[in-house]
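The structure appears right after this line, and notes come after that.
First the proteins, then the strands, lettered A, B, ... as listed; each starts at 1. Computed over heavy atoms, backbone and side chain alike; hydrogens, waters and symmetry mates excluded.
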Amino acid sequence: FLTLNILINSFCHSNQVDFAFSVFAKILKLGHEPSHVTFNTLIKGLYLSGRTDEAAILFEKMVHNGYKPNAVTYGTVIQGLCKSGQNAAAVQLLWKMEERGCNPNLVIYSTIIDCLCKSELVIEASNLFSEMKTKGIMPDVVVYNSLIHGTCKLGHWKVATLLLNEMKDKNIKLRERTFNVLVDSLCKEGKITEAKLVIKGMSDSGLEPNTVTYNTLMHGYCLQGDMIRAQNAFEAMVHGGCRPDVVSFNILIHGFCKINRLVDALKLLDDMHIYGVVPD
RNA sequence: CACCAGCCUUCU
């Protein structure tokens with residue numbers, strides 16, 4: 001039955017939930033009990049294809065049939081609520097799971113904190129962050145990345161710096177994504193010089209810029225209409241051993257289109273296949 | 001290190 005769950009999982013991740021459900025039907029027909037994992041996976045699949053109502057119904061069905069949702073179930077539903085813009089419902093479910101005797105763990109808090117940060121509700125996110133720490137749950141790099149993202153997006157650089165120092169105190173190592181978040185926020189504010197300093201700091205701490213780092217920087221230059229430097233960054237990416245991806249090309253093509261250099265944009269479109277990239 | 005939930009870049 002692991003096999004069938006794996007099958008369901010791959011269908012769910014390729015936007016073919018209906019096939020996933022036919023596998024589910026097969027499990028039932030064979031007289032087997034679906035597991036928590038089966039339900040969790042199907043619920044996620046429904047959310048991934050935007051069928052949030054059906055996901056909620058399946059969640060209820062699962063409960064009615066005597067399956068006690070576990071932390072992953074709650075995590076899946078909370079993430080689905082978050083992604084469909086239902087912040088309040090997500091927070092309510094956080095409380096409800098506690099009432100039902102399932103303690104929220106780091107992933108659950110992290111999910112909601114990220115969601116609140118993306119909605120620019122950084123204060124609320126920080127409150128949950130404190131609550132979590134009070135309960136003795138140790139933060140990790142992921143939850144810090146979300147908080148740093150949220151604070152930088154609002155231009156609260158001081159707070160972001162505090163968070164970075166906190167990570168240092170707790171011996172939580174910054175990852176590429178942490179740096180990418182900083183680079184992105186700086187670029188979007190037009191502070192490219194500082195963004196480049198962050199990239200330098202990244203190399204200094206033993207992490208190499210990756211494709212997302214370069215894409216972010218290229219986008220920063222595009223926002224300034226500086227296609228020369230954007231293309232230089234592209235070259236630096238290739239030279240630095242990073243594979244450009246479809247986003248790299250989308251960024252440059254968009255940059256050229258915006259300043260009416262359609263010929264250059266079309267040339268890039270032609271060049272994509274050289275790098276093994278297919279337009280999306 | 002392989003059945004399920006959290007973090008970064010483009011467009012929409």
Side-chain angles (χ1 to χ4, degrees), chain A residues 1-13 20 23 27 34-45 47-48 55 59 62 69-83 90 93-94 97 102 104-118 125 128 132 137 139-150 152-153 174-188 195 198 202 209-223 230 233 237 242 244-255 257-258 277 279-280:
Chain A
F1 313 100
L2 289 199
T3 320
L4 294 180
N5 280 340
I6 294 171
L7 202 52
I8 289 180
N9 195 29
S10 8
F11 280 133
C12 285
H13 282 95
V23 177
I27 292 179
S35 66
H36 278 80
V37 174
T38 316
F39 282 107
N40 295 347
T41 310
L42 286 167
I43 291 172
K44 168 106 186 275
Y47 277 122
L48 283 179
F59 177 63
M62 174 181 176
N70 59 22
V72 177
T73 318
Y74 284 110
T76 307
V77 175
I78 286 175
Q79 167 77 335
L81 291 170
C82 286
K83 286 269 142 71
L93 191 54
L94 172 78
M97 67 181 284
C102 185
N105 58 22
L106 173 61
V107 174
I108 304 275
Y109 274 105
S110 179
T111 304
I112 301 201
I113 287 170
D114 180 63
C115 168
L116 293 173
C117 283
K118 292 216 166 82
L128 280 179
M132 173 190 117
I137 299 172
D140 67 356
V141 61
V142 173
V143 70
Y144 274 108
N145 286 346
S146 295
L147 286 163
I148 292 171
H149 191 172
C152 285
K153 205 167 89 174
L174 310 199
R175 290 198 188 154
E176 285 88 346
R177 279 187 196 215
T178 321
F179 286 98
N180 289 344
V181 166
L182 297 169
V183 171
D184 182 49
S185 302
L186 289 167
C187 282
K188 292 212 166 105
V198 171
M202 184 172 184
N210 60 24
T211 298
V212 174
T213 317
Y214 285 109
N215 287 349
T216 307
L217 183 62
M218 280 162 41
H219 185 233
Y221 284 126
C222 287
L223 288 175
M237 162 163 59
C242 280
D245 61 9
V246 65
V247 175
S248 318
F249 284 94
N250 287 346
I251 288 168
L252 289 177
I253 289 172
H254 185 246
C257 287
K258 218 175 50 182
V277 178
D280 62 5

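Rounded to whole angstrom, the span from the CG atom of Leu186(A) across to the C1' atom of U9(B) amounts to 14 Å. Counting to the nearest Å, the C1' atom of A2(B) and the CD1 atom of Ile8(A) are 17 Å from each other. Rounded to whole Å, atom C1' of U10(B) lies 14 Å from atom CG of Leu217(A). The distance between atom CG of Asp245(A) and atom C1' of C11(B), rounded to the nearest whole Å, is 13 Å. Rounded to whole Å, the distance from CG on Leu252(A) to C1' on C11(B) is 13 Å. As a whole-Å value, the separation of Leu7(A) CG from C4(B) C1' is 15 Å. Going from atom CG of Asp280(A) over to atom C1' of U10(B) covers 9 Å, rounded to whole Å. If you take CE of Met62(A) and C1' of A5(B), they are 12 Å apart, rounded to a whole angstrom.
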Review point. Between Thr216(A) and Asp184(A), is a side chain to side chain donor-acceptor pair (under 3.5 Å) present by the stated rule, with each step listed?
Key: CA-CA 6 Å; Thr216(A) 307; Asp184(A) 182 49; 5.0 Å; no
- [ ] Evaluate the side chain to side chain donor-acceptor pair (under 3.5 Å) criterion for residues Asn215(A) and His219(A): first the C-alpha distance (whole Å), next the side-chain angles of each, then the deciding distance (0.1 Å), finally the verdict.
- [x] CA-CA 6 Å; Asn215(A) 287 349; His219(A) 185 233; over 6 Å; no
Would you please test Ile8(A) and Lys44(A) for side-chain contact (heavy atoms from CB on, under 4.5 Å) and show each step? CA-CA 11 Å; Ile8(A) 289 180; Lys44(A) 168 106 186 275; over 6 Å; no
Between Tyr47(A) and Val77(A), is a side-chain contact (heavy atoms from CB on, under 4.5 Å) present by the stated rule, with each step listed? CA-CA 8 Å; Tyr47(A) 277 122; Val77(A) 175; 3.6 Å; yes
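With hydrogens and angles left out, the side chain of Asn9(A) and the base of A2(B) share no donor-acceptor pair within 3.5 Å. Evaluation of atom-type donor-acceptor distances gives a pair under 3.5 Å for the side chain of Ser110(A) against the base of G6(B).
Relative to the side chain of Ala71(A), the nucleotides A5(B), U10(B), G6(B) differ in distance, and A5(B) lies closest. Here C8(B) is the nucleotide among G6(B), U9(B), C8(B) with the atom lying nearest to any side-chain atom of Lys118(A). Closest to the side chain of His219(A), out of U9(B), A5(B), C3(B), is U9(B). Checking C4(B), U9(B), C8(B) against the side-chain heavy atoms of Asn40(A) singles out C4(B) as nearest. Here the nucleotide nearest the side chain of Asn215(A), chosen from U9(B), C4(B), C7(B), is U9(B). With C8(B), A5(B), C11(B) as the candidates, the nucleotide lying closest to the side chain of His13(A) is A5(B). Side-chain atoms of Leu2(A) lie closest to C3(B) of the nucleotides A5(B), C3(B), C8(B). Nearest to the side chain of Thr41(A), among C4(B), C7(B), U10(B), sits C4(B). In the set C7(B), U9(B), C3(B), U9(B) carries the atom at the smallest distance from any side-chain atom of Asp184(A).
Lys258(A) comes within 4.0 angstrom of nothing in the nucleic acid, heavy atoms only. Residue contacts shown for Asn70(A) are absent, as no nucleic acid heavy atom lies under 4.0 Å away. Among the atoms of the strands shown, only primed sugar atoms or phosphate atoms (P, OP1, OP2) are found under 4.0 Å from some heavy atom of Thr76(A). As judged by a 4.0 angstrom heavy-atom cut-off over every strand, Leu106(A) is placed among the base-contacting residues.
Each of Asp114(A), Ile108(A), Val107(A) was evaluated against Thr111(A); a single residue qualifies, Val107(A), per the side-chain contact (heavy atoms from CB on, under 4.5 Å) test.
In this structure, Asn9(A) contributes its side chain and Cys12(A) its backbone to no donor-acceptor pair below 3.5 Å.
Regarding contacts with the backbone of C3(B), every side-chain N or O of Lys44(A) stays at 4.0 angstrom or more from both OP1 and OP2. In this structure, Gln79(A) reaches the G6(B) phosphate: one of its side-chain N or O atoms is under 4.0 Å from OP1 or OP2. Under 4.0 angstrom from either OP1 or OP2 of U9(B) there lies no side-chain N or O belonging to Lys153(A).
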